[in-house]
J.: 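Can you keep this structure in mind? I'll have questions shortly.
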Amino acid sequence: MTNKEISKLLRNISAVYQLSNESRFRIIAYEKASEVIENSAVEMSDLWKQGKLTSVPGVGQSIASYLGELFQTGKVIHFDKLFDKFSPALFPLLDVAGFGPKKALKLATELKLNNPETVINDVHKAALSGKIAKIKGFGDKSQQDIIEAIKRYKIGQDKTLRMSVYYANQIAKSVIAYLMQCKYTVDAILLGSLRRMVSTIGDVDIAVKTHDSSKVIEWFIRYPSKVKIIEQGSSGASILLTNQTQVDLRTIDPQRFGSMLQYFTGSKYHNIHLREHALKKGLSLSEYGIKQLNMGKIQSLKKGIYNSDKNIYEYKSEYDYYHDLGMQFIPPELRENTGEIEASIINKLPKLVETKDIKGDLHIHSNYDLETSHDLGNSSLKEIVSRAEKLGYEYLGISDHNPSMANHSNDEIINILKRRKNIFEHIMSSTKSTRVYLFIMLEVDVLPDGKLAIPNEALPYLDALIVSIHSSFNMDKNNMTKRIISALSHPKAKIFAHPSGRRLGKREGYDVDWDKLFNFSIQNNKAIEINSNPERLDLSDILVREATREHVKLVINTDSHDVTHMDYMSLGVSVARRGWAQKSDIINTLSCDKFKKWLLNS
DNA sequence: GCCGTTTTCGGCCCGACTGTTTTCAGTCG
C-alpha cells in the first residue's frame with residue numbers, strides 16, 4: 001500500500017463522512033491526513049514498522065491504528081462498513097472538476113449508477129441526453145458544465161494532472177505581458193504555487209494591482225487564447241486557455257496589496273496555520289488585512305493602516321503584514337506549513353541559498369562524440385565555457401555519457417577518453433582569456449550489479465565521475481540501494497545524479513532507502529545531485545529537506561544538453577530553497593580551490 | 001479526529017463565486 005493509495009483512501013473516507021453529516025472537524029481531519037501523507041517523503045508502511053505513524057502531523061491514535069490494521073490485514077473493517085452505505089460509483093466522479101461528494105452522490109443515486117468502471121461515461125451520456133437538467137437542484141447550465149468538465153477530464157485534465165513549473169512560467173509571462181498592456185493595470189505579479197516554485201503547477205495565479213478592478217477583469221477575460229470563462233466576479237476571474245491551462249486573476253487596490261499577496265501566494269495550509277496563529281493573538285486574517293477581534297485589548301499593529309469604514313488594518317507590503325503578526329518575513333518557497341511559521345516566530349528561519357551563490361555547474365553534456373549509446377549535447381565546449389563565463393561561474397564539469405560498452409572493447413573506450421582529454425585540454429589552453437576552470441568528467445551508468453559502465457584503466461583520463469541509473473528501474477528498494485552504494489563506493493565517483501530517477505508527469509522514481517544512502521554519502525564524502533532539468537527536479541524538495549536535516553552534501557546541476565539549458569540552474573536552486581537548503585549545504589557554492597579539493601581528493 | 005507557551009478538553013481559517021434558489025448549498029482555493 002503506497003502513500004498515494006493511502007491518501008486516496010483517506011480522501012474517500014472524508015467524502016463518506018461528508019455524506020453522513022459527520023462533524024466537519026472529523027471530515028477536515030481526514031482530509032488533512034490525506035494531504036500530509038500524499039506529500040510525505042517517507043512511506044507510511046515503513047513508519048508503521050517502526051511504530052512511528054503518529055509522528056506524522058495530522059495522524060493521531062485513531063488514524064494510526066486504522067492504518068496499522070490496513071498494513072496487517074490489507075483492509076480496515078471500520079472503513080469498509082462506511083463504504084458499504086454508498087454506491088462505489090460516486091468515488092471516480094470526485095476526480096472530475098466541479099464534483100464534490102454531494103453532487104456525486106446525488107447523481108449516482110438519481111441515475112441509479114453502481115459501476116465505478118463506467119460511471120463517468122454514464123454521467124456523460126445522461127447529461128448529453130438531457131436527463132441531468134431534470135434532477136432537482138440541477139439545471140441546464142449545470143448540465144452543460146458537467147458535459148464540459150467530463151470532456152476535459154477525458155483529455156487528461158483531471159484535478160491531479162500538473163505541468164512543469166518551467167512551462168507554467170512561460171504561459172504566465174505571456175498573460176502578465178498582456179495584462180500590463182491594460183491601462184488600468186498598475187502592476188501584475190505571479191503568485192500561488194508558481195511564486196512558491198512548486199515543481200509541478202496545477203494552474204497559473206496572477207494578482208493585479210489596480211484602482212479599477214472591473215476594467216482589468218474585462219480586459220483579462222478577452223485574453224486572445226482564452227477558450228472559456230470559468231468564473232467572473234467583482235474581485236477576480238478565472239479563464240481556461242486553448243492549451244487547457246487555467247489562469248486565475250485577482251485584482252486589488254494598491255493599499256491592500258500586501259495582504260492579497262500573502263493570501264494568494266498560499267499555500268492553503270500555510271494560510272490556515274497562519275490564521276490559527278493570529279487567532280491566538282486575537283487577530284483575524286483575510287486577503288483584505290488584519291481585524292482585531294477583541295477591541296478592548298489593543299494590539300500594536302504598527303505597520304498597518306487603519307481603515308475605519310471596514311474596521312480593518314490594511315497592508316501595502318507583505319513584509320509589514322508578517323511583521324505585525326510578530327513574525328519574520330517567510331520566503332514564498334517555505335510556505336508549506338512544515339515548520340516555517342514556528343521558525344519565523346522565534347527568528348530561526350534559514351538563510352536560503354540563492355542562484356548568485358552558485359560557482360559552477362558540474363553536469364553538462366557537450367557535443368563531443370565519444371560514441372555513447374545515450375544522447376549527445378548540442379553545444380561545443382567553447383560555447384559552454386563562454387556561457388559559463390557570462391553566468392559568472394568559476395568552474396565547470398563536462399560530464400558526457402560514457403562510451404557504449406556494447407559497441408566497444410575496453411581498449412577502444414580507453415582510447416576514446418584519452419583522446420577526449422587531450423582535445424579538451426587543447427581547447428582550454430587555446431582560449432586563454434577564460435577564467436573558468438574545467439573538470440573533465442563523465443556521467444557513468446550504474447549497471448544492475450552496481451558496477452560502473454567503464455573500465456578502470458580509463459579512469460586516469462577523468463577528474464571525477466558522476467554516476468547515475470539509466471536502466472533496470474524496477475529493482476526492489478534493498479537491491480537498488482545496494483546498487484547505488486556500490487557504484488558510489490568507487491573513489492572517483494563523487495556525485496549521484498538525478499537520484500530518484502523520476503520524470504515529472506511521466507515516470508515515478510525507483511525505490512531507494514534514502515536514510516541509508518544519505519548516511520553513506522555523509523560517511524564517504526559524496527554529493528547527491530539536485531537536477532535542475534524541468535522534467536526532473538530530482539532530488540525532490542521533500543527529500544532535500546530530509547537531506548539538509550542530516551547535513552548531506554548536495555550539488556545543484558543543470559544536466560544541460562544545450563547551452564540554453566544552463567539557465568535552468570535557478571529551477572534547481574528553487575528546489576533547494578524549498579528544501580530549506582542554505583549556502584553551506586550546496587557544495588558547488590564553494591570557491592574553485594575548495595571545490596577542487598573536495599572533487600579530486602578521494 | 002487532531003492537538004497543546006493561555007488547553008488532555010474544547011477549540012478547530014476565511015472568503016469568493018455559481019447555480020438554483022428567494023436565502024442557500026456546494027465547491028474551490
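Sequence lines set the chain letters: A, B, ... in the order given, protein chains first and strands last, and positions in each chain run from 1. Everything quoted here is computed from the prediction, not taken from an experiment.
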J.: Base, sugar-phosphate, or nothing: which does A:D248 touch, judged by heavy atoms less than 4.0 Å apart?
T.: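 No contact.
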
J.: Round to the nearest Å and state the distance from A:K106 atom NZ to B:dT27 atom C1'.
T.: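 Atom NZ in A:K106 sits about 15 Å away from atom C1' in B:dT27.
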
J.: In whole angstroms, how far is the C1' atom of B:dT6 from the NZ atom of A:K281?
T.: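 Nearest whole value for this atom pair: 13 Å.
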
J.: Could you identify which residues of residues 68-83 of chain A place a heavy atom less than 4.0 Å from some atom of DNA chain B, listed by residue number, or say none?
T.: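 Nucleic-acid contacts, sorted: none.
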
J.: Syn or anti for B:dT20, given that syn means the glycosidic angle lies within 90° of 0?
T.: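 Anti conformation for B:dT20.
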
J.: On a whole-Å scale, what distance lies between the P atoms belonging to B:dT27 and B:dT21?
T.: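 16 Å, rounded to whole Å.
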
J.: Determine the interatomic distance between C1' on B:dT20 and the same-named atom on B:dG26; round to the nearest Å.
T.: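 Those two atoms are separated by 11 Å.
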
J.: In chain order, what residues pass the side-chain contact (heavy atoms from CB on, under 4.5 Å) check against A:D324, with sequence neighbours excluded?
T.: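 Partners of A:D324 by the side-chain contact (heavy atoms from CB on, under 4.5 Å) criterion, ordered by chain and then number, come out as A:I290, A:L301, A:K302, A:K303, A:Y315.
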
J.: Take atom P in B:dG10 and the same atom in B:dC24, then report the distance between them in whole Å.
T.: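 The answer is 31 Å between these two P atoms.
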
J.: Determine all donor-acceptor pairs shorter than 3.5 Å in which one atom belongs to a side chain in residues 107-120 of chain A; sequence neighbours excluded.
T.:
residue, atom, partner, partner atom, Å
A:T109, OG1, A:L105, O, 2.6
A:N114, OD1, A:S87, OG, 3.4
A:N115, OD1, A:E117, N, 2.8
A:T118, OG1, A:D122, OD2, 2.9

J.: Atom CZ of A:F264 and atom P of B:dC28: how far apart are they, to the nearest Å?
T.: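 My rounded result for the distance is 16 Å.
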
J.: What string of B, S and - do you get for nucleotides 7-17 of chain B 5' to 3' if you count protein non-hydrogen atoms under 4.0 Å?
T.: -----BBBSSS

J.: What residues, two or more places apart in sequence or in another chain, satisfy side-chain contact (heavy atoms from CB on, under 4.5 Å) together with A:K173?
T.: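 Once residues adjacent in sequence are excluded, the partners of A:K173 under the side-chain contact (heavy atoms from CB on, under 4.5 Å) criterion are A:Q170.
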
J.: Starting at the 5' end of nucleotides 20-25 of chain B, put B wherever the base has a protein heavy atom under 4.0 Å, S where only the sugar-phosphate does, and a dash everywhere else.
T.: SS----

J.: Write down the distance separating the C1' atoms in B:dT6 and B:dG11, rounded off to the nearest Å.
T.: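 Their C1' atoms lie roughly 12 Å apart.
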
J.: Could you tell me how far apart A:I146 (CD1) and B:dT27 (C1') are, to the nearest whole angstrom?
T.: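 It is 13 Å, rounded to the nearest whole Å.
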
J.: For residues 329-344 of chain A, which residue pairs pass the salt bridge (Lys or Arg N to Asp or Glu O under 4.0 Å) check, not counting sequence neighbours?
T.: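 As it turns out, the salt bridge (Lys or Arg N to Asp or Glu O under 4.0 Å) pairs with a partner in residues 329-344 of chain A, which skip direct neighbours, are A:R196-A:E336, A:E318-A:R335, A:E333-A:R577, A:E336-A:R578.
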
J.: Expressed in angstrom and rounded to an integer, what is the separation of A:N337 atom CG from B:dG29 atom C1'?
T.: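 Interatomic distance, CG of A:N337 to C1' of B:dG29: 15 Å.
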
J.: On DNA chain B, check which nucleotide each of A:Q18 and A:Q61 is closest to and give me the residue with the more 5' one.
T.: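 Taking each residue's closest nucleotide, the earlier one in sequence belongs to A:Q61.
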
J.: Roughly how many Å is it from CG in A:D95 to P in B:dT27, rounded to a whole number?
T.: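 A:D95 atom CG is separated from B:dT27 atom P by 14 Å.
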
J.: Can you tell me how far P in B:dT18 sits from the matching atom in B:dT8, rounded to whole Å?
T.: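 Straight-line distance between the two P atoms is 45 Å.
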
J.: Enumerate the residue pairs fulfilling ring pair (Phe, Tyr, Trp, His ring centres under 6.0 Å) with a member in residues 214-262 of chain A, sequence neighbours excluded, ordered by first and then second residue.
T.: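 Pairs touching residues 214-262 of chain A that pass the test: A:Y178-A:W219, A:Y178-A:Y223.
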
J.: In this structure, how many angstroms lie between the P atom of B:dG19 and the CD1 atom of A:I132, rounded?
T.: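 Checked: the CD1 to P distance equals 15 Å.
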
J.: Mind checking the C1' distance from B:dG29 to B:dC13? Whole angstroms is fine.
T.: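 Each nucleotide's C1' atom is 12 Å from the other's.
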
J.: For A:K102, give me all partners under side-chain hydrogen bond (donor to acceptor under 3.5 Å, both in side chains), at least two apart in sequence or on another chain.
T.: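 Checked A:K102 against side-chain hydrogen bond (donor to acceptor under 3.5 Å, both in side chains); zero matches.
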
J.: For A:S45, give me all partners under side-chain contact (heavy atoms from CB on, under 4.5 Å), at least two apart in sequence or on another chain.
T.: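 If we apply the side-chain contact (heavy atoms from CB on, under 4.5 Å) test to A:S45, skipping adjacent residues, the hits are A:E43, A:F71.
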
J.: Which residues pass the ring-ring contact (aromatic ring centres under 6.0 Å, His included) test with A:H78, sequence neighbours left out?
T.: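 With neighbours one apart ignored, the set is A:Y66.
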
J.: Looking at every heavy atom in both A:A168 and A:V204, which two are closest together, and how far apart are they?
T.: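 That closest heavy-atom pairing would be O-CG2, 4.0 Å.
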
J.: Can you check the distance between B:dG15 and B:dC9, where both ends of the measurement are the C1' atom (answer in whole Å)?
T.: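 Roughly 29 Å separates the two C1' atoms.
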
J.: Provide the distance between the two C1' atoms, one in B:dC17 and one in B:dC12, to the nearest whole Å.
T.: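 Approximately 25 Å lies between the C1' atom of B:dC17 and that of B:dC12.
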
J.: Side chains of A:S235 and A:T251: any donor to acceptor distance under 3.5 Å?
T.: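 Per modelled atom types, A:T251 and A:S235 side chains form no pair under 3.5 Å.
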
J.: Between A:R502 and A:S540, is there a side-chain donor-acceptor contact under 3.5 Å, judged purely by atom types and distance?
T.: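 A:R502 and A:S540 do not have a side-chain donor-acceptor pair below 3.5 Å.
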
J.: Got a sec, which residues hit ring-ring contact (aromatic ring centres under 6.0 Å, His included) with A:Y288, two or more places apart in sequence or on another chain?
T.: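 Applying ring-ring contact (aromatic ring centres under 6.0 Å, His included) to A:Y288 gives none.
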
J.: So what does A:Y17 touch, heavy atoms closer than 4.0 Å: a base, only the sugar-phosphate, or nothing?
T.: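 The answer is sugar-phosphate, as A:Y17 gets under 4.0 Å only of primed atoms, P, OP1 or OP2.
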
J.: Which residue lies toward the 5' end of DNA chain B, A:D203 or A:Y66, if each is placed at its nearest nucleotide?
T.: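 It is A:Y66 whose nearest nucleotide is closer to the 5' end.
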
J.: Run the salt-bridge test on A:K8 and A:E5 with the 4.0 Å N-O cut-off and return the result as yes or no.
T.: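 Salt bridge absent between A:K8 and A:E5.
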
J.: Find the distance A:L67:CG to B:dG1:P and express it as a whole number of Å.
T.: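 For the pair A:L67 CG and B:dG1 P, the rounded distance is 12 Å.
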
J.: Who is the Watson-Crick or G-U wobble partner of B:dT8, with both distances under 3.5 Å?
T.: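 Answer to the pairing question: none, since B:dT8 forms no Watson-Crick or G-U pair.
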
